[in-house]
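To keep things clear, I will list the structure first and then write my remarks on it.
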Amino acid sequence: MGRRSERLSKQGLIAGDLSGADDVIQVVSRAFDVLRCFDGHEARLGNLEISNRCGLPRSTVSRLTHTLTRMGQLAYLPRDQKYRIGPSAVAMSTAMMCGLQLRHLIRQRLQEVAETVPGTIGFLLPDRFHLVYLEFARAPHALGLHSITGSRIAMTRTAAGHAYTAALDEDVASALLAEMEREIPHDAQVLRARLEGNRAMLRERGYVTACGLWSPHINGIATPMWSPQYQTNVVVTIGLLSAMYDEQRMHDEVGPELKKLAASISTLIQNAEGGLYDNGSELTLRPAMPHKTVTTGEMYGLEAGARRVGPPRSLRAADGGRR
């Protein structure tokens, strides 16, 4: 039990990586692969489309969609002969979101930056080979950026994904890349080629940039931080039009704003276990917790009470010890 718990505490752990596939119930893993195919509540997919998206045989998909429909996780649409997300899945996700009052405070911080930076500012969580926007804010005059809450972005071709993987321990990152190379080999090559440079940038500057990688019109900048709530790194990112912000301008003007934003959100995340209360006008953190407030320089050395894998080895002190 202890050894399995230690494996599960590895940040970024995915099915079939460090611990091997023997302790993973494949039918459960495949059921979640099917659910991931539905990008939004309105998405409608048939078994063939699901099979193409998740790489499973159509016969396997047919059995899974039947079971998921009986469970209410999917709903079958006879006229279209397709499926969509079902009421049980919506109810489950809504119930989980109700307790996340922290999101309100994070959204406020994102919006404050959106008022001065003409782009899309997002707070994202990892999901296998993607990241998902949990919260976002956008400048009123931002053009060409259409991410919304719940949007999924590729880990291999975005600043957010490159920042996330740069913060992983080397063994976890290697396992993630190995699985990507089996399923999305071309994209995995893009990420692997930039991984060491991303780690160096994260170490030296505190963030990672990706210019024109997802789209020639979009430049991105992102930084990761440890979340004790989710036991993984989460990411704050800013996407901007490349015609307005080249890489040098991003370093000069956006990088400092991103680091201040990340430090503020990291403080919220680390102190959130103390709870939130309504002071009559807005949700507020309860009085300071016994542990210290997080600063930008300490962001990568955070401990959250429970055991966690530390920052990537390349981010540790030169003598190999923990900061």
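These numbers come from the heavy atoms of this one structure, side chains and all, not from hydrogens, waters or symmetry mates.
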Return each pair, listed once, that meets salt bridge (charged side-chain N to carboxylate O under 4.0 Å, His left out) where at least one residue sits in [range]; pairs must be two or more places apart or across chains.
{"range": "residues 62-81", "answer": "Arg44-Asp80"}
{"range": "residues 153-168", "answer": "Arg157-Asp187"}
{"range": "residues 106-123", "answer": "Arg107-Glu135"}

What I'd like to find out is whether the side chain of [X] reaches to under 4.5 Å of the side chain of [Y], using heavy atoms alone.
{"X": "Thr223", "Y": "Lys259", "value": "no"}
{"X": "Ser242", "Y": "Ile218", "value": "no"}
{"X": "Pro224", "Y": "Leu202", "value": "yes"}
{"X": "Val34", "Y": "Leu68", "value": "yes"}
{"X": "Ile265", "Y": "Leu110", "value": "yes"}
{"X": "Val235", "Y": "Phe123", "value": "no"}
{"X": "Leu258", "Y": "Val236", "value": "yes"}
{"X": "Thr67", "Y": "Val27", "value": "no"}

**OP:** Just jot down the ring-ring contact (aromatic ring centres under 6.0 Å, His included) partners of Tyr245, sequence neighbours excluded, or say none.
**Re:** none

Subject >> Set of ring-ring contact (aromatic ring centres under 6.0 Å, His included) partners for His217, sequence neighbours left out >> reply: none

Indicate the atoms forming the closest heavy-atom contact of [X] with [Y], along with that distance.
{"X": "Thr120", "Y": "Phe136", "result": "CG2-CD1, 4.4 Å"}
{"X": "Tyr207", "Y": "Gly255", "result": "CE2-CA, 3.7 Å"}
{"X": "Pro118", "Y": "Met244", "result": "CG-CE, 3.8 Å"}
{"X": "Thr156", "Y": "Ala188", "result": "CG2-N, 4.3 Å"}
{"X": "Ala43", "Y": "Phe38", "result": "O-CD2, 3.7 Å"}
{"X": "Pro228", "Y": "Gln270", "result": "CD-NE2, 3.7 Å"}

Using 0.5 Å steps for rounding, measure from the [atom1] atom of [X] to the [atom2] atom of [Y].
{"X": "Leu134", "Y": "Ser151", "atom1": "CG", "atom2": "OG", "result": "12.0 Å"}
{"X": "Trp214", "Y": "Ile153", "atom1": "CH2", "atom2": "CD1", "result": "8.5 Å"}
{"X": "Glu196", "Y": "Met201", "atom1": "CD", "atom2": "CE", "result": "13.0 Å"}
{"X": "Met180", "Y": "Met155", "atom1": "CE", "atom2": "CE", "result": "5.0 Å"}
{"X": "Thr209", "Y": "Asn198", "atom1": "OG1", "atom2": "CG", "result": "8.0 Å"}
{"X": "Thr69", "Y": "Leu74", "atom1": "OG1", "atom2": "CG", "result": "5.0 Å"}

Who passes side-chain hydrogen bond (donor to acceptor under 3.5 Å, both in side chains) against [X], sequence neighbours left out?
{"X": "Gln189", "answer": "none"}
{"X": "Glu253", "answer": "Arg249"}
{"X": "Asn219", "answer": "none"}

Subject >> Pair Arg128-Glu183, side-chain contact (heavy atoms from CB on, under 4.5 Å): steps then yes or no >> reply: CA-CA 12 Å; Arg128 205 158 184 253; Glu183 298 194 26; 2.6 Å; yes

[Y] backbone acceptor or donor facing [X] side chain under 3.5 Å:
{"X": "Ser51", "Y": "Asn47", "answer": "no"}
{"X": "Ser62", "Y": "Arg58", "answer": "no"}
{"X": "Thr65", "Y": "Val61", "answer": "yes"}

**OP:** Begin with the C-alpha distance, continue with both residues' side-chain angles, and end with the deciding distance and a verdict on side-chain contact (heavy atoms from CB on, under 4.5 Å) for Val208 and Ile221.
**Re:** CA-CA 6 Å; Val208 171; Ile221 183 170; over 6 Å; no

Subject >> Of Leu240, Thr237, Leu261, the residue whose pairing with Ile121 passes side-chain contact (heavy atoms from CB on, under 4.5 Å) >> reply: Leu261

Original post:
Pairs in or reaching into residues 48-79: which pass ring pair (Phe, Tyr, Trp, His ring centres under 6.0 Å), with residues at least two apart or in two chains?
Top reply: Tyr76-Tyr83

**OP:** Could you work out the complete set of other residues in the hydrophobic cluster of Val190, with links drawn between I, L, V, M, F, W and Y side chains under 4.5 Å apart?
**Re:** Leu213

Subject >> Other ILVMFWY residues reachable from Leu77 by side-chain steps of under 4.5 Å >> reply: none

**OP:** Apply side-chain contact (heavy atoms from CB on, under 4.5 Å) to Asp127 and list each qualifying residue two or more places apart in sequence or on a separate chain.
**Re:** Arg36, Val132, Arg152

Original post:
Stepwise, does the side-chain contact (heavy atoms from CB on, under 4.5 Å) test hold for Leu124 with Val234?
Top reply: CA-CA 6 Å; Leu124 302 98; Val234 294; over 6 Å; no

Original post:
Going by atom types alone, do Asn233 and Ser227 pair a side-chain donor with an acceptor below 3.5 Å?
Top reply: no

**OP:** In sequence, state the C-alpha distance, the side-chain angles, and the governing distance for Leu177 and Thr165, and then conclude on side-chain contact (heavy atoms from CB on, under 4.5 Å).
**Re:** CA-CA 9 Å; Leu177 277 166; Thr165 51; over 6 Å; no

